[in-house]
Amino acid sequence: MARTLMVLFFCMMVVWWPNLSLAGELKLLNAAICKEISQHAPVDAGDTFGADVQKLFCYTRIVGPYHIEKRQHIVHVWYYGDEERARIDLQIKSSNWGTYSSKIIQPHEVGKWHVDVLDALGEQITTLPFLITE
């Protein structure tokens, strides 16, 4: 009887345990491509910018359980067309954390861009497309 209960308990844990980790994941609350960051918030957010913009920021706000013993992070991957131009690892330091990366935009880099926001496992959280116009 005790062995049957142990087997049953083990089977329940195998089914239930993966769902436990889903309940504690970090979530994306807000994300934007913008011209500036001021007071921990995006300024002049948009999806179309002139070629004279010089520099853009990708801002993300993450919420969820924070574990000081774990190194929690997200990654911003900047693309010009299909070409990866930058990959920035950003540490999450609290249960409600805003962070950002930036990219210098050259005047000749006109066209479609996007930033993929990835979780610590490399899974895509969101994509932020934007356009640089002449």
Side-chain angles (χ1 to χ4, degrees):
M1 177 70 168
R3 185 175 187 162
T4 304
L5 286 175
M6 288 296 286
V7 170
L8 182 59
F9 176 75
F10 177 77
C11 290
M12 286 175 53
M13 289 303 292
V14 168
V15 171
W16 181 66
W17 190 261
N19 293 331
L20 195 68
S21 65
L22 291 176
E25 288 183 3
L26 300 173
K27 304 290 181 199
L28 179 69
L29 183 64
N30 184 2
I33 302 297
C34 58
K35 291 183 179 180
E36 222 178 299
I37 303 291
S38 179
Q39 298 181 1
H40 308 289
V43 176
D44 293 331
D47 59 7
T48 303
F49 303 92
D52 61 344
V53 71
Q54 296 181 356
K55 185 178 192 178
L56 288 173
F57 297 84
C58 177
Y59 172 85
T60 49
R61 177 160 297 283
I62 303 295
V63 295
Y66 173 69
H67 305 284
I68 197 164
E69 68 280 356
K70 287 185 179 179
R71 184 176 182 270
Q72 295 171 291
H73 69 276
I74 59 171
V75 180
H76 289 175
V77 186
W78 291 75
Y79 289 91
Y80 174 47
D82 292 330
E83 180 185 343
E84 183 178 319
R85 300 303 289 274
R87 182 175 290 258
I88 299 106
D89 186 71
L90 301 162
Q91 195 168 358
I92 305 301
K93 297 181 181 180
S94 78
S95 61
N96 186 348
W97 188 256
T99 189
Y100 61 89
S101 64
S102 65
K103 179 77 180 86
I104 293 174
I105 307 294
Q106 301 295 327
H108 65 275
E109 295 176 317
V110 173
K112 294 180 180 181
W113 284 76
H114 70 275
V115 177
D116 285 344
V117 179
L118 310 176
D119 67 14
L121 299 174
E123 297 293 323
Q124 185 173 334
I125 298 170
T126 193
T127 296
L128 300 165
F130 63 98
L131 183 65
I132 302 295
T133 61
E134 290 186 35

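Start at 1 with the first residue, then count along the sequence. Side-chain atoms are counted along with the backbone in the values below, which use heavy atoms only and exclude waters and symmetry mates.
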Within this structure, what is the [atom1]-[atom2] distance for the pair [X] and [Y], rounded to the nearest 0.5 Å?
{"X": "N96", "Y": "L29", "atom1": "CG", "atom2": "CG", "value": "7.0 Å"}
{"X": "H114", "Y": "T126", "atom1": "NE2", "atom2": "OG1", "value": "11.0 Å"}
{"X": "E36", "Y": "S102", "atom1": "CD", "atom2": "OG", "value": "12.5 Å"}
{"X": "I74", "Y": "D119", "atom1": "CD1", "atom2": "CG", "value": "9.5 Å"}

Could you name each residue pair satisfying ring-ring contact (aromatic ring centres under 6.0 Å, His included) that touches residues 27-57, not counting sequence neighbours?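 The answer is F57-Y100.
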Quick test of your reading: applying salt bridge (Lys or Arg N to Asp or Glu O under 4.0 Å), list the pairs with at least one residue in residues 77-95, sequence neighbours left out, ordered by first then second residue.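 The answer is R71-D89, E83-R85, E84-R87, R85-E109.
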same_hphob_cluster([X], [Y]) at 4.5 Å side-chain heavy-atom cutoff:
{"X": "L128", "Y": "L56", "value": "yes"}
{"X": "V77", "Y": "F130", "value": "no"}
{"X": "Y79", "Y": "V110", "value": "no"}
{"X": "I88", "Y": "V117", "value": "yes"}
{"X": "Y80", "Y": "V53", "value": "yes"}

For [X] against [Y], the heavy-atom pair lying closest together:
{"X": "A51", "Y": "I132", "answer": "CA-CG2, 3.7 Å"}
{"X": "C34", "Y": "P42", "answer": "SG-CB, 3.6 Å"}
{"X": "I62", "Y": "I92", "answer": "CG1-CD1, 3.8 Å"}
{"X": "D47", "Y": "P129", "answer": "CB-O, 3.9 Å"}
{"X": "C58", "Y": "I33", "answer": "CB-CD1, 3.9 Å"}

Is it true that atom CG of L131 has more than 12 heavy atoms of other residues, nucleotides or ligands lying nearer than 6.0 Å? yes
Over 12 non-hydrogen atoms of neighbours within 6.0 angstrom of CD in E134: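 Check fails, neighbour count at 12 or below.
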Not counting sequence neighbours, which residues clear side chain to side chain contact (heavy atoms under 4.5 Å, CB included) with S38? List them please.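 Expected list: V43.
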Side-chain contact, heavy-atom cut-off 4.5 Å: [X] with [Y]?
{"X": "H73", "Y": "V75", "value": "yes"}
{"X": "R61", "Y": "L28", "value": "no"}
{"X": "I105", "Y": "W113", "value": "yes"}

Partner residues of S101 under the side-chain hydrogen bond (donor to acceptor under 3.5 Å, both in side chains) criterion, sequence neighbours left out: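 With neighbours one apart ignored, the set is H76, W78.
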Contacts of type side-chain hydrogen bond (donor to acceptor under 3.5 Å, both in side chains), residue T127, not counting sequence neighbours: D116, Q124
ring-ring contact (aromatic ring centres under 6.0 Å, His included) involving W97 - partner list, sequence neighbours excluded: none
